[in-house]
Amino acid sequence: MIPKRYTGKTLEGRKVRIDREMRNGAGAGITPGSVATIVRVVRGRGLVIKTDTCPHCGMYAYITGVPREYLTLIEQGERWKD
């Protein structure tokens with residue numbers, strides 16, 4: 001979960017790890033453990049995230065309205081698995 005003390009400005013552009021399986025309106029799914037980037041924070045509606053591009057097929061997904069409880073912030077300097 002991303003704590004509420006982080007404001008929208010400090011979150012935009014930060015990397016997060018997905019904690020729950022999600023799906024956008026187009027049907028693209030994201031599995032837990034995947035890495036994404038916070039694109040925008042919409043007050044009262046959640047976060048907009050973009051997944052990293054798949055090295056095999058080149059696809060990525062945007063998901064809107066994601067609650068902070070579904071994500072874990074990757075601290076700067078922390079390494080993540082691709």
Side-chain angles (χ1 to χ4, degrees):
M1 177 180 156
I2 299 175
K4 298 278 186 186
R5 71 174 185 254
Y6 290 106
T7 63
K9 266 193 169 155
T10 60
L11 288 176
E12 289 180 5
R14 300 282 302 270
K15 294 281 188 178
V16 291
R17 184 172 293 110
I18 310 299
D19 293 335
R20 297 187 188 178
E21 188 172 307
M22 290 183 267
R23 191 172 296 274
N24 67 8
I30 301 175
T31 57
S34 300
V35 175
T37 304
I38 298 174
V39 177
R40 187 175 39 231
V41 178
V42 181
R43 189 177 178 115
R45 298 200 184 258
L47 308 170
V48 178
I49 61 170
K50 177 186 175 238
T51 63
D52 290 345
T53 304
C54 175
H56 304 288
C57 65
M59 292 186 70
Y60 60 91
Y62 277 93
I63 299 186
T64 62
V66 179
R68 291 176 181 236
E69 295 82 27
Y70 287 17
L71 308 170
T72 301
L73 194 61
I74 297 175
E75 297 298 329
Q76 292 176 336
E78 181 180 340
R79 301 193 48 82
W80 63 86
K81 292 182 180 180
D82 288 335

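This chain uses plain numbering: 1 for the first residue, then up along the sequence.
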Of all the heavy-atom pairs spanning Leu73 and Lys15, show the shortest one and how long it is.
CD1-O, 3.7 Å
Taking all non-hydrogen atoms of both residues into account, name the closest pair between Val66 and Met22 and its distance.
CG1-SD, 3.8 Å
Tell me whether the count of non-hydrogen atoms from other residues, nucleotides or ligands lying under 6.0 Å of CZ in Arg68 goes above 12.
yes
Do you know which two heavy atoms are closest between Arg20 and Ile18, and how far apart they sit?
O-CG2, 3.0 Å
Within this structure, what is the CD1-CD1 distance for the pair Ile30 and Ile49, rounded to the nearest 0.5 Å?
4.5 Å
Given side chains that start at C-beta, do those of Thr64 and Arg45 come closer than 4.5 Å, heavy atoms only?
no
Contact between Arg14 and Ile2 at the side-chain level, heavy atoms closer than 4.5 Å - yes or no?
no
Glu12 versus Val39, closest heavy-atom pair with distance:
CG-O, 3.9 Å
Taking all non-hydrogen atoms of both residues, which atom of Asp19 and which atom of Pro32 are closest, and how far apart?
O-CB, 3.8 Å
Do any N or O atoms from the side chain of Thr53 and from the backbone of Tyr60 form a donor-acceptor pair under 3.5 angstrom?
no
Approximate separation, where rounding is to 0.5 Å, of Thr72 OG1 and Met1 CE:
10.0 Å
Nearest heavy-atom approach of Ser34 to Thr31 is OG-O, 2.9 Å
Examine Leu11 and Val16 and state if one hydrophobic cluster contains both, with Ile, Leu, Val, Met, Phe, Trp and Tyr joined whenever side-chain heavy atoms are less than 4.5 Å apart.
yes
With a 4.5 Å heavy-atom cut-off, do Thr10 and Arg5 have their side chains touching?
no
